[in-house]
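Below is one structure, written out as structure tokens; the observations come after it.
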Amino acid sequence: MSEFIPSFDEKKIEKKWQDIWYSNRYFNANDYSEKEKYYSLVEFPYPSGAGMHIGHIRAYLSLDVISRKRRMEGKNVLFPIGFDAFGLPTENYAIQNQIHPRIITDRNIKTFINQLKSAGFSFDFTRMVDTTDPKYYKWTQWIFLKLYEHGLVYKSKTYVNFCPSCKVVLSNEESQGGKCDRCDNDVVQMEKDVWFLKITDYAEKLLKGLDELESNSRIRMEQEKWIGRSSGAYINFKIANEEETLRVFTTRPDTIYGATFMVIAPEHHAIEHLKDKIENLDEIKAYQEQALMKTEFERIELAKDKTGVEIKGIKAINPITNKEIPVFISDYVMITYGTGAIMAVPAHDTRDYEFAQKYGLEIVEVIKGGDISKEAYTDTEQGILVNSPLIDGLSVEKAKEKIISILNEKNIGEEAIQYRMKDWAFNRQRYWGEPIPIVYCDDCGIVPVPYEDLPVTLPMVEKFIPTDTGESPLANIDSFTKCSCPKCGKEARRETDTMPQWAGSSWYFLRYMDPHNDKELASKEKMNYWGQVDWYNGGMEHVTRHLIYSRFWNQFLYDIGVVVHKEPYKKRTAQGLILGSDNEKMSKSRGNIVNPMEIINEYGADTLRTFVLFISDYEMSTPWNDSGVKGARRFLDKIWRMFPNVTDEVGYSKDLERVIHETIMGVGDDLENLKFNTAIAKLMSLVNEYNKQEKVTRSDYEVLLTMLNPIAPHITEELWSMLGHETLLVFETYPEYDESKLVKDEIDLIISVNGKLRDKMVVENNLDEEKLKKIALGREKIQAFIEGKEFVKIIVVPNKLVNIVVK
RNA sequence: GCCGGUAUGGUGAAAUUGGUAGACACGUUGGACUCAAAAUCCAAUGCCCUUAAAAGCGUGUCGGUUCGAGUCCGACUACCGGUACCA
């Protein structure tokens, strides 16, 4: 041991074990293994040119630790990785640098894989998927066609955010504040014919399925809110002297007596139907145009100041009071929610109240309890109906029921459910995405590409710059657009829009089970074996859209008999953000980005892993702290330096036995509950205990290495082999604790007076109450505190404390 | 606005069913080793008074429940995240 060095050569060790693990494919999942399966899934990355981010490390570490632990527990683990590689950044980079996105993507993926390996992640790298690979997106297109076949795809006009300078259609996120994300020019609203997926058909199923998903309440609530179910009623309001009826959705049918006017969205079709009767049509038209010009952003910004125009010449009839009430158009009513028309109840809705105030409209109180001269009264808990002959005196809840049955009887309305979630706009006008497998034929109309002609591949062209019209760059490529109609064979034109980035990620977890299958998206046998994803970790930001979209596709595929589980995921967790050391979100512009590769180069992957897990509670966001990294390295060095003090003795040291069993229990529980920070703290404490001993036994040392292995796999593997083991630590069994070894002989007894700690002492375990009282009262220190005071009572918590209460 | 979350030393953070607040680290200070430095080891480290001990104070603010509150209840403040005229 004379040449033993007090610190380890992380570069040498890490390279060595990574080579052994990856070249022997030790982390590969085995289809149909006899062992019990475990499927852990992390969100696959977008392979940007910047490479791996510190956030990826945190996001993937939790399940890397769990997967490594599961293997040690004898499970057949599927822990795959892949790349969600379609997307705008690559396309932009490609245009700027005149390099094809295919080349950039391949290059970035290669770098990313190397970085993942240098962090020691135990992914099965033979199952990698790449959403931009035609062998993969063939099945993305296949699912699209299946959705089409089942009536879940439709085309409809909508307004999109268009940047005239970049010539691209932008998402809401990319056009915040009405400015283009990239060039900062004003975004305009452009009408487009757009593909939609009818996800709203699955709203109820998606909501119900949440019952089966194990997740914290925050994750669940965000999904529930996104789906946004609300129950109420449809009510039909006749237009006086016309055939036209305005149908509204309301969650408060009980307040119908207070409905003193109506409001319809500027886009509402009734305007067109009634245009001959409208006296101020010009004014209405002007308002419509003005509303259309506003971007979504402006409509929200101006929310406080409600605008609108009364539609003169028509009146609606409140079907319960039979009174004539005015009808307005206003952009505070959205065409996309409910029926695009509302019955306004100013007394009990803040928005209607504001509107009524501004335009001097009648406000009728129908729920007792508030002061409607000041504000709308929206309490539904305690309110009692008034001024409502048919339902006076009833609670809100009862009144709703009764009014709905009246609506049914009179045939003027019915109970209804509405969802906030909208259908999924399923296209982008870009090159770097999955082509939508649709053909337009002059004679046959919209024709889906036959399944056997899939995939419709992206043409490998030199130029893929945007068109002036907001169409996809594909529209300029004749060799792509020109085709023959699959139905009649006549010359036809291909759809040039591509799918959104959410497409490929909506089913990737299925492909991992059978990634090389060219006959189906994944075989039934393999999906049967691997079943559901047991644990899915990812970002909080994907809890709504990605999770809901992928659950939707899975449920659909289940309904048509392609997959075997209704819900794809059993359990979902989310890591917290790592912020810059300035406590701000990491970003290029703030210059506070931490590059994980720099940490790996300076300290090694084990140090990075240990520190990132130690930094804070896994589910909370936390600032990065450079100097803390050294502490993690110091901890690993301490274990390394302990090596010469390890004896050949088998069995735990007597003095360490109890703390070892305690640590096994604590660390195990902590890892399962994502409490990596306290798990590492417990291991640090154990190492501190070891260091108080002159020697530790081989068993003491080995159990430490085994517990630490999922967290710091390289150094533990090296030390394991230095102990003379021929087999790898990754194949060892995870340690178990012995309950009987946890019992303490002695405990620290706390003695307090009036709840304040005054004394403590070590006493025998399991003393009875009387003995403890006696001991406590006998203490000199305690005597001083109770002397001359009136004794009230004494409280004993066995094996913990004695509290003496005096006056 | 609404819905969540969070608030604890100089810093990151721990704390089981209400029962020793600050585990584990970082940093700082002092010491050992060294010609010196780094590394390492040892000690101290919530605040206040103090030579020291003891006492006192202390988990965002105010109040409550309790023998006992970081933890439970009520009111409030700040920050972070989600959402946004959803009828």
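Keep in mind it's a predicted model, so treat the numbers as computed, not measured. Chain letters run A, B, ... following the sequence lines, proteins first and then strands; every chain starts at 1.
Distance check on atom P: B:G30 versus B:A38 gives 13 Å, rounded to whole Å. Spacing between B:C73 and B:A23 at atom C1', rounded to whole Å, works out to 29 Å. Nucleotides B:G74 and B:U6 are separated by 16 Å at their P atoms, to the nearest Å. The same atom, P, is picked in B:G82 and in B:C67; the two are 45 Å apart, to the nearest Å. Going from the P atom of B:G1 to that of B:U11 covers 30 Å, rounded to whole Å. Distance noted for atom P between B:A39 and B:C26: 12 Å (whole Å). Taking atom P in both B:C49 and B:C41, one finds a spacing of 34 Å when rounded to whole Å. For the C1' atoms, the distance from B:G18 to B:G68 is 8 Å, rounded to whole Å.
Backbone-only engagement by A:Ser230 is indicated by non-hydrogen atom pairs under 4.0 Å involving sugar-phosphate atoms exclusively. Residue A:Gly228 is out of contact with every strand shown, counting any heavy-atom pair closer than 4.0 Å. Within 4.0 Å (heavy atoms only), A:Asn803 reaches at least one base atom of the nucleic acid. A:Arg218 comes within contact range of the sugar-phosphate backbone alone, with a heavy-atom separation under 4.0 Å but no base atom that close. A:Arg220 comes within 4.0 angstrom of nothing in the nucleic acid, heavy atoms only.
B:G9 adopts a syn glycosidic conformation, its chi angle falling within 90° of 0.
Close to B:A13, at under 4.0 Å from its OP1 or OP2, lies a side-chain N or O of A:Thr622. Phosphate contact (OP1/OP2 of B:C86, side-chain N/O of A:Arg351, threshold under 4.0 Å): present. For A:Lys793, a side-chain nitrogen or oxygen approaches OP1 or OP2 of B:C67 to under 4.0 Å.
Judged by distance alone, the side chain of A:Asp670 and the main-chain N or O of A:Phe676 form no donor-acceptor pair under 3.5 Å. A donor-acceptor contact shorter than 3.5 Å links the side chain of A:Arg609 to the backbone of A:Ile711.
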- Taking it one step at a time, do A:Tyr287 and A:Thr307 satisfy side chain to side chain donor-acceptor pair (under 3.5 Å)? CA-CA 9 Å; A:Tyr287 186 83; A:Thr307 59; 2.7 Å; yes

- Query: How far apart are the C-alpha atoms of A:Asn625 and A:Ser627, what are their side-chain angles, what is the distance that settles it, and do they pass the side chain to side chain donor-acceptor pair (under 3.5 Å) test?
  - Reply: CA-CA 6 Å; A:Asn625 174 351; A:Ser627 59; 3.0 Å; yes

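With the 3.5 Å cutoff on both pairing distances, Watson-Crick and G-U pairs in RNA chain B assemble into runs of at least 3 at B:1-7 with B:77-83, B:10-12 with B:24-26, B:27-32 with B:40-45, B:60-64 with B:72-76.
Aromatic rings from A:Phe261 and A:Tyr359 are positioned such that their centres are separated by 6.0 Å or more. Taking the six-membered ring wherever Trp is involved, the centroid distance between the rings of A:Trp424 and A:Phe196 does not fall below 6.0 Å. Separation of the A:Tyr603 and A:Phe611 ring centroids does not fall under the 6.0 Å cut-off.
Taking the side chain of A:Arg758 as heavy atoms from C-beta on, and the options B:C86, B:G12, B:A55, the nearest nucleotide is B:A55. Comparing atom distances between the A:Ser627 side chain and each of B:C26, B:A87, B:U6 picks out B:C26 as nearest. Side chain of A:Phe785, nearest nucleotide from B:C67, B:A55, B:C86: B:A55.
In this structure the side chain of A:Ile271 reaches within 4.5 angstrom of the side chain of A:Ile311, judged on heavy atoms.
Note that NZ of A:Lys400 is 9.0 Å distant from OG1 of A:Thr255, once rounded to the nearest 0.5 Å.
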Give me, pair by pair, the N or O atoms of the protein and of nucleotides 20-24 of chain B that are less than 3.5 Å apart, along with how far apart they are.
from: B:U20; atom 1: O2; to: A:Lys760; atom 2: NZ; distance (Å): 2.7

Between protein and nucleic acid, restricted to nucleotides 36-40 of chain B and to nitrogen or oxygen atoms under 3.5 Å apart, what atom pairs and distances do you find?
from: B:U40; atom 1: O3'; to: A:Arg641; atom 2: NH2; distance (Å): 3.3

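For the side-chain hydrogen bond (donor to acceptor under 3.5 Å, both in side chains) with A:Arg220, the qualifying choice from A:Glu224, A:Glu222, A:Gln223 is A:Glu224, the only one to do so.
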